[in-house]
Chemist: 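The structure that follows is given in the form of structure tokens.
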Amino acid sequence: MFVALAAAAALASTAYAQSLNLSSSCQSTLGSIATGPDGTCLNAAGLVTFATVNSNSSLITPLNSWLTGMCSQSQCSNQTLANIVSNITSGCSSDLSSLGFSSSSTSTVVSDVQQFYPTVREIVCLKNTTSNNLCATDLLTDVQNSVGTLSQNNLQQIVVSIIGGSQTLESVLNSASCSDCFKAAYNVINTNFPSLMTSAERSNFTSTCGANFTNGQNPSTVSQTAAGLSSANGSTSGALAAFPVTSLALALSALASAFAFFA
Ligand SMILES: *[C@@H]1O[C@H](CO)[C@@H](O)[C@H](O)[C@H]1NC(C)=O
Ligand SMILES: *[C@@H]1O[C@H](CO)[C@@H](O)[C@H](O)[C@H]1NC(C)=O
Ligand SMILES: *[C@@H]1O[C@H](CO)[C@@H](O)[C@H](O)[C@H]1NC(C)=O
Ligand SMILES: *[C@@H]1O[C@H](CO)[C@@H](O)[C@H](O)[C@H]1NC(C)=O
Ligand SMILES: *[C@@H]1O[C@H](CO)[C@@H](O)[C@H](O)[C@H]1NC(C)=O
Ligand SMILES: *[C@@H]1O[C@H](CO)[C@@H](O)[C@H](O)[C@H]1NC(C)=O
Ligand SMILES: *[C@@H]1O[C@H](CO)[C@@H](O)[C@H](O)[C@H]1NC(C)=O
């Protein structure tokens, strides 16, 4: 799970670096999504705040305002997600092909995004009611305090050192991994994808974080801020063979490209 996320983050940051040089058709595609109705549920227009950030300044504040705005929007419909993904994969095809993406994968990416987006949205919209910040923002702030400013100019270098096995980062993540925020995220994943985690992984969490971590109760110190959340819950059936790293990475890459476009 964490390995999959790390791999996705690595790919996304590579895309981020490359995307400082987006093709013009990709730029206009992203621009029309940001200004069009399909972008509203992702608060795509909020990505414009990234334009005001100096390349040496932290990206956490604009990221936090973008996420906060996104959480207050209703959930994207499957149709909207399909429009966004297919617009990006066609408008940005030359940019994405340099990441190994072929447009024949579009329908797979669409259905993976449709399947995982509600869960990702629920997780990034979790809020620490003590600090009154999004859990993601608090976590990134802790990461930044240990590895240095998460700025556009530093990002790639930081990711490279993370892939090389940064011990400072590992200790931040280890100390965060049994927190109430992670417990709430763990509950979201287990509720939406009951078969994603193996029983060995579950008992690993129990032995690392204590029996309360896996008791399924939502911690009172964490609240859900995603608008209209009830519709996102429940509807889960399938056994997932594997977490779709490629699709997640492409989704993150597209997002990262959008950041860079507006930066
Ligand atoms: C930017 O993209 C163009 C066309 O794809 C390419 O020729 C050029 O080398 C790229 N520049 C950089 C700095 O990557
Ligand atoms: C970012 O920092 C570098 C090194 O300190 C400096 O050379 C550069 O001018 C700064 N860029 C901006 C946009 O402030
Ligand atoms: C882009 O999305 C719009 C809906 O917003 C849709 O009508 C159009 O067909 C899409 N374009 C492509 C190339 O997928
Ligand atoms: C959206 O699509 C996914 C897979 O493509 C499906 O599992 C899910 O049930 C759909 N959601 C709705 C609300 O139709
Ligand atoms: C929530 O915020 C408080 C106050 O800043 C902090 O002490 C606590 O560690 C945070 N909890 C999580 C799960 O991050
Ligand atoms: C359990 O955790 C340890 C380290 O914390 C890890 O090396 C091991 O692979 C994990 N086992 C499973 C089944 O996830
Ligand atoms: C586990 O949860 C119970 C009730 O929810 C609580 O009384 C107990 O103190 C918790 N144990 C730990 C180690 O947090």
Side-chain angles (χ1 to χ4, degrees), residues 8-9 12-13 15-93 95-96 106 109-110 113-114 116-127 132-137 140-141 150-153 155 224-229 231-232 247-263:
S13 74
Y16 180 84
Q18 284 180 0
S19 64
L20 298 168
N21 189 21
L22 288 177
S23 69
S24 58
S25 89
C26 186
Q27 293 186 20
S28 69
T29 301
L30 294 173
S32 64
I33 291 171
T35 54
D38 281 345
T40 308
C41 61
L42 294 178
N43 186 26
L47 293 169
V48 173
T49 35
F50 283 79
T52 61
V53 181
N54 177 295
S55 54
N56 289 328
S57 302
S58 174
L59 294 166
I60 293 180
T61 302
L63 187 69
N64 180 60
S65 25
W66 170 64
L67 285 178
T68 307
M70 188 194 71
C71 294
S72 70
Q73 297 292 340
S74 350
Q75 186 174 323
C76 300
S77 69
N78 272 350
Q79 182 60 55
T80 299
L81 293 172
N83 287 349
I84 293 172
V85 171
S86 53
N87 271 318
I88 290 178
T89 53
S90 79
C92 302
S93 58
D95 310 76
L96 290 169
T106 299
V109 176
V110 168
V113 168
Q114 288 173 338
F116 283 93
Y117 152 80
T119 301
V120 172
R121 176 171 178 266
E122 281 183 62
I123 290 174
V124 299
C125 295
L126 292 171
K127 185 167 100 174
N132 214 26
N133 293 324
L134 292 176
C135 288
T137 306
L140 287 174
T141 305
L150 299 177
S151 69
Q152 186 185 311
N153 283 348
L155 211 53
Q224 177 55 261
T225 66
L229 180 78
S231 62
S247 293
L248 179 64
L250 283 165
L252 288 175
S253 302
L255 210 54
S257 310
F259 290 154
F261 170 61
F262 292 110

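Note that the structure is a prediction, hence the values are computed from the model and not measured.
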Chemist: At what distance, to the nearest 0.5 angstrom, does SG of Cys92 lie from CD of Gln27?
Modeler: 9.0 Å
Chemist: Quick one: pull up CD1 in Ile123 and CD in Gln224 and give me the separation to the nearest 0.5 Å.
Modeler: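 These two atoms lie 9.5 Å from each other.
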Chemist: Quick check: does any side chain N or O of Asn43 sit under 3.5 Å from a backbone N or O of Trp66, one acting as donor and the other as acceptor?
Modeler: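 Between the backbone of Trp66 and the side chain of Asn43 there is a qualifying donor-acceptor contact (under 3.5 Å).
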Chemist: Is any side-chain heavy atom of Tyr117 less than 4.5 Å from a side-chain heavy atom of Leu42?
Modeler: yes
Chemist: Got a second to check how far Ile88's CD1 is from Thr106's OG1, nearest 0.5 Å?
Modeler: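 Nearest 0.5 Å value for the CD1-OG1 distance: 11.0 Å.
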Chemist: Would you sort out whether Asn56 and Ser151 count as a side chain to side chain donor-acceptor pair (under 3.5 Å), showing the intermediate values?
Modeler: CA-CA 5 Å; Asn56 289 328; Ser151 69; 5.0 Å; no
Chemist: Whether the side chain of Glu122 engages the backbone of Ala226 through a donor-acceptor N/O pair (distance < 3.5 Å, no angle test) should be reported.
Modeler: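 Such a contact is absent between Glu122 side chain and Ala226 backbone.
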Chemist: Which heavy atom in Pro118 sits nearest to a heavy atom in Gln114, and how many Å separate them?
Modeler: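 Looking at all heavy atoms of both residues, the closest pair is CD-O, 3.4 Å.
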Chemist: Holding to side-chain contact (heavy atoms from CB on, under 4.5 Å), I want the full list of residues that pass it with Thr35, two or more places apart in sequence or in another chain.
Modeler: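 By the side-chain contact (heavy atoms from CB on, under 4.5 Å) rule, Thr35 matches no residue at all.
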Chemist: Rounded to the nearest 0.5 Å, what separation is found between the CG atom of Asn133 and the OG1 atom of Thr141?
Modeler: 7.0 Å
Chemist: Just so I know, are the side chains of Leu134 and Leu126 near enough to count as touching, which here means a heavy-atom distance under 4.5 Å?
Modeler: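 Side-chain contact under 4.5 Å: no.
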Chemist: With no hydrogens and no angle check, is any side-chain donor or acceptor of Ser86 less than 3.5 Å from a backbone partner on Ala82?
Modeler: yes
Chemist: With sequence neighbours left out, what residues match Ser58 under side-chain hydrogen bond (donor to acceptor under 3.5 Å, both in side chains)?
Modeler: Gln144
Chemist: To the closest 0.5 Å, what do you measure between CG (Asp38) and CG (Leu81)?
Modeler: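 Atom-to-atom, Asp38:CG and Leu81:CG are 9.0 Å apart.
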Chemist: The test is side chain to side chain donor-acceptor pair (under 3.5 Å); show your working for Thr68 and Ser65 and say whether it passes.
Modeler: CA-CA 5 Å; Thr68 307; Ser65 25; over 6 Å; no
Chemist: What closest approach, in Å, do Cys41 and Ser74 show between heavy atoms, and which atom pair accounts for it?
Modeler: CB-O, 3.4 Å
Chemist: Show the nearest heavy-atom pair for residues Ala227 and Gln73, with the distance to one decimal.
Modeler: CB-O, 3.5 Å
Chemist: Minimum heavy-atom separation for Gly91 and Thr29, please, with both atom names.
Modeler: CA-OG1, 3.3 Å
Chemist: Looking at every non-hydrogen atom in both residues, tell me the closest pair between Cys26 and Asp95 and how far apart they are.
Modeler: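 Reported closest heavy-atom pair: CB-OD1, 3.4 Å.
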Chemist: Do you know the tightest heavy-atom contact between Lys127 and Thr225?
Modeler: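 Minimum heavy-atom contact is CB-CG2, 3.6 Å.
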Chemist: Rounded to the nearest 0.5 Å, how far apart are CG of Leu150 and CD1 of Ile60?
Modeler: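 Here the rounded value is 5.0 Å.
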